[in-house]
Every structure is written in C-alpha cells, then in structure tokens.
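Convention: sequence-line order gives letters A, B, ...; per-chain numbering from 1.
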Protein chains: 2
Amino acid sequence: MKARTGQREFSVASGDNDAAIPPACTLCGVRSLTVCAPLDNAGLTAVDEIATRHTFEPGQTIFDEGEPSQHLFNVTDGTVKIYKLLADGRRQITGFLFSGDFLGLASEATYTYSAEAVTTTKLCCFRHGQLDELLQRSPQMERRLLAIAGHELAEAQEQMLLLGRKTAKERVASFLLLLSRRAKQTGRSEDPVHVPMNRTDIADYLGLTTETVSRTFTKLKLEGLIRLLPKSMVALADRQQLSDIAETS
Amino acid sequence: MKARTGQREFSVASGDNDAAIPPACTLCGVRSLTVCAPLDNAGLTAVDEIATRHTFEPGQTIFDEGEPSQHLFNVTDGTVKIYKLLADGRRQITGFLFSGDFLGLASEATYTYSAEAVTTTKLCCFRHGQLDELLQRSPQMERRLLAIAGHELAEAQEQMLLLGRKTAKERVASFLLLLSRRAKQTGRSEDPVHVPMNRTDIADYLGLTTETVSRTFTKLKLEGLIRLLPKSMVALADRQQLSDIAETS
DNA sequence: CGCAAGATTGACGGAGTTCAAGCCGAGTGG
DNA sequence: CCACTCGGCTTGAACTCCGTCAATCTTGCG
C-alpha cells in the first residue's frame, strides 16, 4: 500500500497516455478550483508523482457503473457527464463536470455510476490507494475533499428539487443559468453561454425528452428570454426573468 | 475557536434540553452506525463533552433552510425529513434520516435545506466549530465523515434516477424496499415494515401527489405485492416482484 | 454538393395531476 | 359507551402537461 513514487504504468479505459508530464502541477490552470488547492510545493510534488494525465474524446467512456473503482480523477479541461441506467435503457444524467471538478468521490469498491466525455476532456488520474495515502499525509487536502463532497451533496439536492417539482420550462431555465454560472467560475463566457451537450443529454439530465427540451427552447426564444446562436451558443437575453422562472413558477 | 469543555449552554430550535447526560456515548446504541464508530475511549470522551442531547416531537422544526448552520447532528432515535421549498410552496423531500444518520453535512455557512422531525426524534448535537476541532484531532473520524458523504452522494444519485426516470409504481416499490433495507440496518422489522411518514411526505419524497401515492398503494395491494396493515405497517408480500419493479419497469 | 446525425415541429395519447367527494379511524366529550 | 369531529386517506372524473411517434428541417463535414 506504500506509494511507490515514480511508478507510472497505468491504464484507464483507453484514453491517450501522455506519460511525459512537461510542466507539472505548478502550471495547472484549474488548481485553485480543485482538491489540490490547499497544497504547498511539497504536496504538489507528491501529487505530481502519483498523477497521470489522460485525454478522452467526445463519447468515450471514462468508466462504467459496476466496474472496480480503481481511479479517481480531476477534470482539467472539457466536460464530462455522469449517469445511471435502468435495465431497459432509461438513463438519468446525474451531473455534468467541468474544469476543476473532482470525479469519483464515492468510497465504494465499484463505481456507482458511469462517466463519459462530452467534449474532448483532459483528466488528471489517481490510483485510489495512492491518493488515500496522500490524503492521510495531508489533512488540508482531506478537509478540502470533504468540503467538495458537501458542495456536491447540496447540488444533488437542488437537482432533486428540479426533478421532483419543477416544470419543463423551470428546468430548462435552471439549466441554462447553471451552465452560465459554471462557465463564469471556470473563466469562460457566461453570457453567450456555450452548451456543449446535445438535446438528448440535456433531456436525460432534466428528466425530460429531447422533444420537450427542444420545444421549451423554442418557447423561451419566442418569449425573448434567450437567443439561439450558432455553434451551440445561447444568449441569455433576459437573465432576470430566467432567474424568476428557474426559482419558482 | 478553542473547545471549552464542560460548556453546555445550548439551544437548538426549541427541543427539550436534558443537560444531564447519564450514561455517555459508551452506551449509545447506534454508535457503530455513526460518525463516532472509529473513536476510541478518549475520542468518545471528547465527543461526549461537546455533545448535547435534544428531543424533537413530530412536526417540530430542527432547522430551516437559510439559517446559519451552527449545529451538526447525529440522529440517535426516530425519523427526520429534510426538504427544500420553492417560493410557491412546492416541496421536495430530499431524504429521510433514521437512527445513526448524520445530519448537517453541508459545509456552507447556512443550511441549504430544512429539517423536521417525522416521529419523536432524539438528536446528538454538536456546535460546528467544536466538531471541526475534534475532526482535526481525529483523522479517522474525518475519514469516516468523508465515507458517509460519499454514501449520501450515491444515494442522492439513486434518488435522481428515481425522480427523473421511474414511473409512479416503480417509485413506490423502490421506496418500500428502501424503508425495509434501512429498518433492517437499524435493527427494526424489515418485513412488516413500519412507514412512519404520511402520504403527503411520501409524495413529496417521490415527486408525486398524495392521490397518486394512494392509488399506487392500492394497485400494489390488489396485485398482491403488499398488504396494508394497521398502525402504518406494510407487509411486503412479494419482495422479489417488488424488486423487479423497483429496478426497472 | 450531399449525406447523416441531430434538432425541430406537429398530431395524438396517456400517466399523473387537479378538483371534489366520500371514507375511515383515532381522539373527545357528553 | 357511543355519537361527533377532524385530519388523513381513498376514490372518482375531468384535465393537462409532457411523452410518443412520425415527418421535416438544419447543420456540420467529407
């Protein structure tokens, strides 16, 4: 169980393995957002030694529900979706992850959900045991992880409210505002907001069908609340009213 | 921020304050299930010194969303519901908590949801700062808390799948099996299972209306899958088929 | 330019909601 | 001991939002 530093043989699904790490964690653009935020130089070096970087292309599976959960991940670029399936194929996307998000927080022996790249995605990958050891030596990092878990729990509850009690229009408005908020957090455009996922993914996230999502977009457009731009961009023409719709009817 | 041991002035909402702690944590019946599980005697003593016990009657508020989150809790007896509201009164119950469950995991300055006693409930209460200090001295306890958070996250995702993609019948079947599983875990009857919450609470947990919940119970009864007994007990007459229904259509 | 995958739109149907009575059972008081 | 009451549960009937099925349109890309 000791961390053998320098060890780099590694394979996660079939992502590209660029074993050469040119600049190391000190240059990581999303560090301030991640679990690594509280680390000093020594800590970063330790992380750097156990981390490997992988790239996943759109649609590529990162892991599947039920698989042994050998790795944990940090999203350093791109968008990831996590989801659960029913036996007959019905799917619920339980979250979209963006730069800086932590992936794999579960503490079960096997993954309890599947993860797949939405856009080209870069991940920083840790073996479970090695990260555990690091956590034992860095209480701040563990504390940070606990805070992240708390945040995710709060977000999950917000999403339950959406799925259980909001109308289609409220769901779509909430979703667009969420995307905008996350874009801002990660330094991307918050107003003409980029919507990297397709209608099917949005539907499976919001507990709707693609048709309803599409109709709702159209309705919001006709009411002048949003504008659908090329390249999957959406302008939030009336942010205030969108907010009003999102929080309640 | 130092923990002043022995300090006991305390008030959480308006629960009874039985300041005299006769037996202390060593006699706590649910300890093995809680965040206190990994503690040795010294740790238990420390917990005992900062914990106060409170009792809440059915319907009594434990805390409200938006309030400063000064306390964290361990449920030692009874059932608690946590929920979020929309401005127009629509409610989503995001979870029911039973003996041994931890309440208040959020790490925000204010509670992000409300909590209310469903049955007569006993809570073990900690001031935020004091528990934090204890956690800093007990890495195992912090680790345990992280594991608990992970479990809750997995449960939340399961519930999102239910809310977003399951039919009314599947939701009710899932709910009964959940209650049964939790009853078993806490040493209560798992087959004629006690359903302590009313139809409105069940509806707000499952994203349905009371009428639909009632109709679905009736349907399951007519199909011979359950029997509705007096005193809010439900017999799971055909557990296998209930399971089949719960996991998918 | 032409194709294929995704997005939109339309028509229709159904699962679940809404509104409105009844029913049942536990607590209360005569 | 029993009628009364009140809240919660059940049942019925009509409606509605969203899902389903199917056709058309748009867009990105070779």
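- The backbone N or O of A/Glu67 lies less than 3.5 Å from no partner atom in the side chain of A/Asp64, so there is not a single donor-acceptor pair.
- Between atom CZ of residue A/Phe63 and atom NE2 of residue A/His71 there is a gap of 11.5 Å, rounded to the nearest 0.5 Å.
- In terms of position along DNA chain D, the nucleotide closest to A/Lys219 lies nearer the 5' end than the nucleotide closest to the other residue of the pair A/Ser232 and A/Lys219.
- With salt bridges taken as basic N to acidic carboxylate O contacts below 4.0 Å, none links B/Arg181 and B/Glu190.
- Among the nucleotides D/dT20, C/dT8, C/dG16, the one closest to any side-chain atom of B/Thr167 is C/dG16.
- Between the side chain of A/Arg215 and the base of D/dT20 there is at least one donor-acceptor pair of N/O atoms closer than 3.5 Å.
- Annotation: the terminal axes of the helix from C/dC1-D/dG30 to C/dG30-D/dC1 meet at 30°, where each axis is the rotation carrying the C1' atoms of four end pairs onto the next four (5 pairs per end, rounded to 10°).
- Within 4.0 Å (heavy atoms only), A/Thr210 reaches no atom of the nucleic acid at all.
- Of all heavy-atom pairs between B/Ser232 and B/His194, the closest is O-CD2, 3.6 Å.
- For the pair A/Arg199 and A/Phe217, the cation sits on the ring face: its NZ or CZ lies under 6.0 Å from the ring centre, inside 45° of the axis.
- Set against D/dC18, D/dT11, C/dT8, the side chain of A/Thr218 has C/dT8 as its closest nucleotide.
- Look at A/Asp101 and A/Arg182 and you find a salt bridge, because one of the NZ, NE, NH1 or NH2 atoms lies within 4.0 Å of a carboxylate O, short of that distance.
- With hydrogens and angles ignored, no donor-acceptor pair under 3.5 angstrom links the side chain of A/Glu211 to the base of D/dC18.
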